[in-house]
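It should be emphasised that the depicted structure is a prediction, and the values quoted were computed from it without experimental measurement. Basis for what follows: all heavy atoms, side chains included, without hydrogens, waters or symmetry-related copies. Every chain is numbered from 1, with letters handed out A, B, ... down the list of sequences.
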2 protein chains.
Amino acid sequence: MKNITFIGAGNVATILSMELQRNGYNILEVWSKTEKSAKILADKLSCSYCVDLNNLKSPDLFIVAIKDDHIRDIVNIIQNKETPIVHTSGSVGIDVFSNKNNFGVFYPLQTFSKEFSLNFNNLPICIEANNELTQRDLIKIGNSISSNIHLVDSKQREKLHIAAVISCNFTNHMLTISEGLLKDSELEFDLLKPLIKETLEKALSNSPENVQTGPAFRKDLEIVQKHINLLSYDDKLKKLYSLISKHIISSKSDV
Amino acid sequence: MKNITFIGAGNVATILSMELQRNGYNILEVWSKTEKSAKILADKLSCSYCVDLNNLKSPDLFIVAIKDDHIRDIVNIIQNKETPIVHTSGSVGIDVFSNKNNFGVFYPLQTFSKEFSLNFNNLPICIEANNELTQRDLIKIGNSISSNIHLVDSKQREKLHIAAVISCNFTNHMLTISEGLLKDSELEFDLLKPLIKETLEKALSNSPENVQTGPAFRKDLEIVQKHINLLSYDDKLKKLYSLISKHIISSKSDV
């Protein structure tokens with residue numbers, strides 16, 4: 001699987017294709033819906049590009065790195081049934097390839113932005129394939145860029161994706177809310193950073209379940225209610241604070 | 001303010017008294033409700049201890065580091081009206097000292113556990129006082145252990161405390177939920193750690209508001225609904241996922 005074609009030219013396609021090229025793979029071609037974005041990535045890789053899915057060269061592997069809800073349509077247009085084809089999505093099942101013969105998933109569990117460089121060394125790559133040969137090939141490619149390769153089937157990946165949303169997108173939203181509260185009180189967000197760092201360090205070096213603290217966890221209902229009252233000027237935030245506190249209280253009861 | 005008496009012998013009292021002693025302050029006495037805990041801390045500090053609030057020595061400063069909901073009662077028992085007295089709480093107002101003449105707040109914004117050592121260098125200490133002299137003295141003490149001193153009044157501190165709960169206790173709860181989801185799918189929590197670290201690094205080096213991602217933020221309602229359906233086996237978690245997603249969607253609309 002030396003020659004790889006990328007279907008897509010966005011963040012994941014850009015970062016991943018460059019990393020694979022750096023590690024000895026030949027990026028044969030880049031496809032994108034628009035010539036402009038195809039050309040930008042092809043220039044970075046010094047490879048050819050294409051905007052017509054009926055006119056693709058024959059690589060050893062297709063990597064489909066496009067928006068989740070376009071994967072099925074795009075895959076259906078690609079005529080080539082035999083060449084192994086994978087997508088890089090956390091939320092799309094392997095069944096999206098039902099009209100192909102060799103297929104799988106190559107899901108790097110990380111947020112990608114073209115502006116940020118990324119260290120692949122320990123980046124988890126979740127692999128799934130419909131046959132052993134394809135699986136072995138995908139593991140080999142994974143190993144060439146990271147030492148953190150996992151076999152994860154579609155059912156597990158669905159849950160993993162929810163967990164990623166909750167642990168990353170939702171936590172970031174909690175930080176955004178806090179930043180806003182501080183701004184309202186003319187305080188700098190910097191004030192919270194040492195506490196946030198310490199909290200995360202404890203959670204990751206130990207286990208978040210073992211280091212939970214706070215008024216809801218202590219069942220200090222007086223403070224929880226005081227906070228809810230203080231947030232009554234913002235109905236949505238008040239509801240959010242109340243529901244998360246309740247969830248913390250009830251999680252503790254479950255133990 | 002050379003001689004300090006600690007009212008309390010818990011996590012904050014232990015860590016803070018030892019740090020102040022290391023920086024040249026004389027810990028005169030430790031009070032605790034039980035002789036056992038008073039003695040444990042007094043032994044660490046090689047100072048005397050006391051369990052009778054009517055029998056306290058006269059220090060230059062009382063630091064009250066006990067549970068929030070006991071502060072008012074304990075403070076009312078202390079007869080000494082003139083000696084400056086502060087508490088270390090994030091959620092209790094300065095008005096709890098209304099029967100004293102010199103008072104304030106000395107709130108180190110961090111989680112304290114006796115088992116973890118703590119670097120005070122850059123730890124934010126939030127100070128408030130009812131007069132300039134006490135304020136100046138508290139700033140001086142703060143500066144002796146940290147270079148990150150802030151004047152924060154009671155109204156600001158209330159909001160700061162809510163922000164701390166949301167950005168630390170709530171985020172830790174999000175991680176706990178994710179850990180549970182992965183366990184259910186026989187996946188290691190380690191799998192998520194690089195993504196969590198990267199997310200936090202981006203949020204803290206930039207601004208969480210600017211780096212929000214995820215299906216709710218992209219208004220990818222199909223995935224949000226898919227996740228909600230996948231969580232339907234756990235009604236509370238389903239509600240939580242749904243409400244936080246809605247809050248992210250509506251926050252974006254507010255911009």
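Residue-level contacts of residues 220-227 of chain A with chain B, in order of numbering, are A/Ile223, A/Lys226, A/His227; threshold 4.5 Å between heavy atoms.
In this structure, the portion of B/His150 lying under 4.5 Å from any heavy atom of chain A is its side chain and not its backbone. Heavy atoms closer than 4.5 Å to chain A are found in the side chain of B/Ile177, but not in its backbone. Both the backbone and the side chain of B/Gln110 come within contact range of chain A, judged by heavy atoms closer than 4.5 Å. For B/Asp190, no part lies under 4.5 angstrom from a heavy atom of chain A. The contact between B/Leu200 and chain A is made entirely by side chain atoms (from C-beta outward), counting heavy-atom distances below 4.5 Å. Proximity to chain A is limited to the side chain of B/Leu231, based on heavy atoms less than 4.5 angstrom apart. Neither the backbone nor the side chain of B/Phe217 comes within less than 4.5 Å of any heavy atom in chain A.
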task: Go through the steps for A/Phe170 and B/Phe170 under the test ring-ring contact (aromatic ring centres under 6.0 Å, His included), then give the verdict.
output: CA-CA 9 Å; A/Phe170 285 9; B/Phe170 285 9; over 10 Å; no
- prompt: Would A/Asn172 and B/Lys202 satisfy side-chain contact (heavy atoms from CB on, under 4.5 Å), going step by step from the backbone distance to the final call?
  reply: CA-CA 9 Å; A/Asn172 189 75; B/Lys202 275 185 192 166; over 6 Å; no
task: Show your working on side-chain contact (heavy atoms from CB on, under 4.5 Å) between B/Asn169 and A/Gln212 and close with a plain yes or no.
output: CA-CA 7 Å; B/Asn169 303 145; A/Gln212 184 70 49; 3.8 Å; yes
task: Take B/Lys183 and A/Glu209 through the side-chain contact (heavy atoms from CB on, under 4.5 Å) test and state the conclusion after the steps.
output: CA-CA 12 Å; B/Lys183 212 179 276 174; A/Glu209 193 183 352; 4.0 Å; yes
task: Could you go through the side-chain contact (heavy atoms from CB on, under 4.5 Å) check for B/Ile196 and A/Leu204 one step at a time?
output: CA-CA 9 Å; B/Ile196 294 169; A/Leu204 296 187; 4.2 Å; yes
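For A/Lys246, the NZ atom sits in a loose shell: 12 or fewer heavy atoms of surrounding residues, nucleotides or ligands are nearer than 6.0 Å. Shown here is A/Lys239, whose NZ atom has no more than 12 heavy atoms of other residues, nucleotides or ligands within 6.0 Å.
Between A/Ile244 and B/Ile244, some side-chain heavy-atom pair lies under the 4.5 Å cut-off. Between A/Ile162 and B/Leu230, the closest side-chain pair of non-hydrogen atoms falls below 4.5 Å.
For the options B/Glu186, B/Met174, B/Glu188, B/Lys197, heavy-atom pairs under 4.5 Å to chain A are most numerous at B/Met174.
The side chain to side chain contact (heavy atoms under 4.5 Å, CB included) check on A/Ser37 picks up A/Ala9, A/Ser32, A/Thr34, with sequence neighbours excluded.
Taken from CD in A/Glu158 to CG in B/Leu181, the straight-line distance is 12.0 Å, to the nearest 0.5 Å. Separation of atoms CG (B/Leu195) and OG (A/Ser167) is listed at 6.0 Å; rounding is to 0.5 Å. If you take NE2 on B/His173 and OG on A/Ser245, they are separated by 9.0 Å, rounding to the nearest 0.5 Å.
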